[in-house]
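What follows is a set of notes on a single structure, which appears directly below.
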There are 2 protein chains.
Amino acid sequence: MIPAYIVAIGDELLYGQTLNTNAHSLSKMLTDVGFKVVKHISIADERQVILDTVEEMSKVAKIVLITGGLGPTKDDITKKTFAEYFNVGMRRDEEVLKHIENLFSSRGREMTELNQTQADVPTNCKTIPNALGTAPAMWFEKEGCIFISMPGVPFETENIMEKEVIPRLLEFFKPPFIVHKKIQTISIPESILAQKIEDWENNLPSDIHLAYLPHLGKVTLRLTCEGDDKEKIETELNAQVQKVLPLIEKYVYGFDDETIEGKVADLLKEKNLTLGIAESCTGGYTARTFTQHEGASKFFEGGIIAYSNDVKIKVLGVKLDTIVKYGAVSEQTALEMAEGVRKLLGTKIGIATTGVAGTGGGTPEKPVGTVWIAYSDENETVAKTYQLTKNRNLNIQLTTNAVLNLLRKKMIEM
Amino acid sequence: MIPAYIVAIGDELLYGQTLNTNAHSLSKMLTDVGFKVVKHISIADERQVILDTVEEMSKVAKIVLITGGLGPTKDDITKKTFAEYFNVGMRRDEEVLKHIENLFSSRGREMTELNQTQADVPTNCKTIPNALGTAPAMWFEKEGCIFISMPGVPFETENIMEKEVIPRLLEFFKPPFIVHKKIQTISIPESILAQKIEDWENNLPSDIHLAYLPHLGKVTLRLTCEGDDKEKIETELNAQVQKVLPLIEKYVYGFDDETIEGKVADLLKEKNLTLGIAESCTGGYTARTFTQHEGASKFFEGGIIAYSNDVKIKVLGVKLDTIVKYGAVSEQTALEMAEGVRKLLGTKIGIATTGVAGTGGGTPEKPVGTVWIAYSDENETVAKTYQLTKNRNLNIQLTTNAVLNLLRKKMIEM
């Protein structure tokens, strides 16, 4: 096992002003190729803290990925602190300088003195190209431990990792395989799931590790095993999956990195169906869940965000009477929205959401968290209701999950 | 300065399967009341690693917040490892048990043996109620250092922090004040910004710390100062803001935690305007950016997600001729979409996005990243184009930012 550590440098992380997404994406990339991530650390832009952390890491790690502190401004001190740690000076890297010049001229922007200093690096490092930005990554070696310093900007760093760092690390080390097999479940609580598979879990071989990962009404079961014979491990994990599956089949929507929206998208494309979405309380979030992924245009025609009653009536054709009699958050309104959007956009399927997302807007009869969702095709239009939480964004996400699961079930029945 | 450390426990973090949002939100809460967050650490669900980390923290920290590993299933070992560290046994907490029973009966769900074990805690801790979940938080003391163990589920932990932990910590310690003042800028690169304010930056008093935080085409300037006299610090920081402002005024959209969409929302409400959105390439993201915040219904009437050409024509009234002659990604289509949605929804203002988000769909004339946005009110309809990146989700976010900035500028002109 080749231990890897991920260090993020930046005051903004410790102040809670920036979310550290790099530790997450870098860990996934390292794990996928068999390195073992042991620890994430976030520290301040402070000389002594950086020096102490690098020294500590050099004693336990084989790989240390460092993100952040490479910007052109005065608060960024990672480069000069590394030069101090290794007791070397700085040099201007001509290749990096050329890359920065090209980047600026292709964007038609003026280049400053500050930008040029981004080509300055400690003399003992190899530079690694940063195709999407001005700060290069740097590769340092010390007694068999590799330190790689990268920018803090997530899309730059992810690109550098994928294109440059991972291939170089695989050349340098020969990692064992860590294999994960994941089972994705929905609408069953973690504790009930654990009960259903208790006997199976107790009989798992000791080299297979099981974890429950709950997330917004979904629970991922993750099986993990490590070794040199990738094929053998995979066969063993797949056999365990086949054993447990019959116990929980109706809650399983997918495997590994499949998402519920990805599964629904696959089913829609497979059955040659088109989708229209009418959203009130989810305000665009449900459509966005589909459109964040490439290829949504193959089944998703469009959506109506009917935030006001006026739009529900004028665009979706909900009857004024329905809203007056039952309210905008009601079974009847949800049904008319789903049918309305299906007919308006000429899709095979229409879905709708309407509810009190919160934080305000609740009444004694319809408190915050009251939600109606509906599904409509040429044969039927049905609705379901939920009493969710007091948290606005949680309610929006849970409503979207409920719609996705309803869609999935309807597709499977077809 | 009262040093605080945040420790996250969970294999899923190190595998890159779950993003650690707790470190972010907990840091913000601690910083806001004057504690100094020194380090974030994420480690595995492993007995020895947890024991070593807790021991290490006890030597340097005054406050250690630990998240994760409190679930009811076998992979969660935080509680028993804490009992081992403090060399104590476990007890069943009757109050917590009653809370769990109430939670299950109110949700109409069956309670399992496993759920009951969530009321078991080390004998030396005080339990802290978790209103939104079954696992209680735990307060341990050791030689003036406070350890607080909380669940990994973000909305549960944030609620526990706000309602229970922060008040107790403020009672226990008397923290100094850390004051931040932020200036939010848009559409100016970090290096140009640094040039414009260079003289001012060089003359900052040594106890005021300046940071540049770039994020998706926006740069936050953050001034930080620490001390006991909150009012004096604030006066000093405000004076510095007033000094720098004239140098960069036209790029500044707000201060402190103001967001660009929040600023636009305020301007729309102030001027009594209503908004309709027509989205193609952003697929609901722009509407979602507004509707994630409470009160969007005060100005946001609704949106049309016109993903297919059919919906652009049938619902928004874009002319078939326009699409045939210029394409869906064109100035003409963007203009007709913005005007179309304004008229359809009867709003004062309409905005539109259309572009090649990617990853696929690019052509030599309109490569991935080509985007048109448009703005329409009763006096004018105008469009702007951008050549963005190769990254789909980045393009969607940058397009939304461009629309927001266009809206902001138009509001200010009015």
Side-chain angles (χ1 to χ4, degrees), chain A residues 11-21 24-25 27-28 31 37 39-43 71-73 75 112 114-115 155 189-192 194-195 210-213 283-285 287-288 291-292 294 296-297 300-308 310-311 315 344-345 359-360 391-394, chain B residues 11-19 21 23-25 27-28 31 37 39-43 71-73 75 109 112 114-115 155 190-192 194-195 210-213 283-285 287-288 291-292 294 296-297 300-308 310-311 315 344-345 359-360 391-394:
Chain A
D11 292 343
E12 68 278 14
L13 303 168
L14 302 173
Y15 290 143
Q17 291 169 338
T18 304
L19 178 64
N20 181 11
T21 59
H24 175 67
S25 56
S27 290
K28 178 156 174 36
T31 303
V37 179
K39 210 186 250 193
H40 299 164
I41 300 175
S42 301
I43 54 174
T73 48
D75 55 322
T112 69
L114 259 186
N115 297 127
F155 73 91
E190 186 181 5
S191 56
I192 309 275
Q195 259 188 340
L210 174 71
Y212 295 77
L213 309 174
Y285 187 85
R288 156 71 180 164
T291 60
Q292 69 183 314
E294 171 137 42
S297 58
F300 178 60
E301 286 287 308
I304 307 298
I305 304 170
Y307 223 55
S308 70
D310 224 34
V311 176
V315 182
L344 175 69
L345 304 187
T359 312
N391 181 304
R392 178 179 181 84
N393 267 305
L394 196 59
Chain B
D11 293 342
E12 68 279 13
L13 302 168
L14 302 173
Y15 290 142
Q17 293 169 336
T18 303
L19 178 65
T21 58
H24 174 67
S25 55
S27 289
K28 178 156 174 36
T31 303
V37 179
K39 209 186 249 194
H40 299 163
I41 300 176
S42 300
I43 53 173
T73 50
D75 56 320
R109 272 171 46 186
T112 69
L114 259 184
N115 296 126
F155 72 91
E190 185 181 3
S191 56
I192 309 276
Q195 259 187 341
L210 174 71
Y212 294 77
L213 310 173
Y285 187 85
R288 157 71 181 164
T291 60
Q292 68 184 313
E294 172 137 43
S297 58
F300 178 59
E301 285 287 307
I304 307 298
I305 304 168
Y307 223 55
S308 70
D310 223 35
V311 176
V315 182
L344 175 69
L345 304 188
T359 312
N391 181 305
R392 178 181 182 81
N393 267 305
L394 197 58

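Protein chains get the first letters and strands the later ones, always in sequence-line order, with residue 1 at the start of each.
Between chain A and the options B:Ile304, B:Asp310, B:Leu114, heavy-atom pairs under 4.5 Å are most frequent for B:Ile304. Counting heavy-atom pairs closer than 4.5 Å to chain A, the top residue among B:Gly360, B:Ala194, B:Ala23, B:Gly303 is B:Gly303. Most heavy-atom pairs under 4.5 Å with chain A, from the set B:Leu19, B:Val315, B:Asp11: that is B:Leu19. Taking chain B as the reference chain and counting heavy-atom pairs below 4.5 Å, the highest number among A:Gly302, A:Ala296, A:Gly16 is found for A:Gly16. Highest contact tally toward chain A, considering only B:Tyr15, B:Phe300, B:Tyr285, is held by B:Tyr15 [criterion: heavy-atom pairs under 4.5 Å].
Side-chain contact between A:Lys28 and A:His24 is absent, with no heavy-atom pair separated by less than 4.5 Å.
Proximity to chain B is limited to the side chain of A:Leu213, based on heavy atoms less than 4.5 angstrom apart. The contact between A:Leu210 and chain B is made entirely by backbone atoms, counting heavy-atom distances below 4.5 Å. Heavy atoms closer than 4.5 Å to chain A are found in the side chain of B:Asn393, but not in its backbone. If you measure heavy-atom distances from B:Ser25 to chain A, you find no contacts under 4.5 Å at all. Proximity to chain B (any heavy atom under 4.5 Å) is restricted, for A:Thr31, to the side chain, taken from C-beta onward. Heavy-atom distances place the side chain of B:Phe155, and not its backbone, under 4.5 Å from chain A.
Looking at every heavy atom in both residues, B:Ser27 comes nearest to B:Val37 through OG-CG1, 3.8 Å. Nearest heavy atoms, B:Leu394 versus B:Asn391: N-OD1, 3.0 Å. When all heavy atoms are compared, the tightest approach of B:Ile305 to A:Ala287 is CD1-CB, 3.3 Å. Summarising the geometry of B:Val311 relative to A:Glu301, their closest heavy-atom pair is CG2-O, 3.5 Å, with the distance given to 0.1 Å.
One N or O on the side chain of B:Arg392 and one on the backbone of A:Gln292 form a donor-acceptor pair closer than 3.5 Å. Remark: side-chain polar atoms of B:Glu12 are not paired, donor with acceptor, to backbone N or O of B:Thr18 under 3.5 angstrom.
Residues passing the side chain to side chain contact (heavy atoms under 4.5 Å, CB included) test with A:Ser297, sequence neighbours excluded: B:Tyr307.
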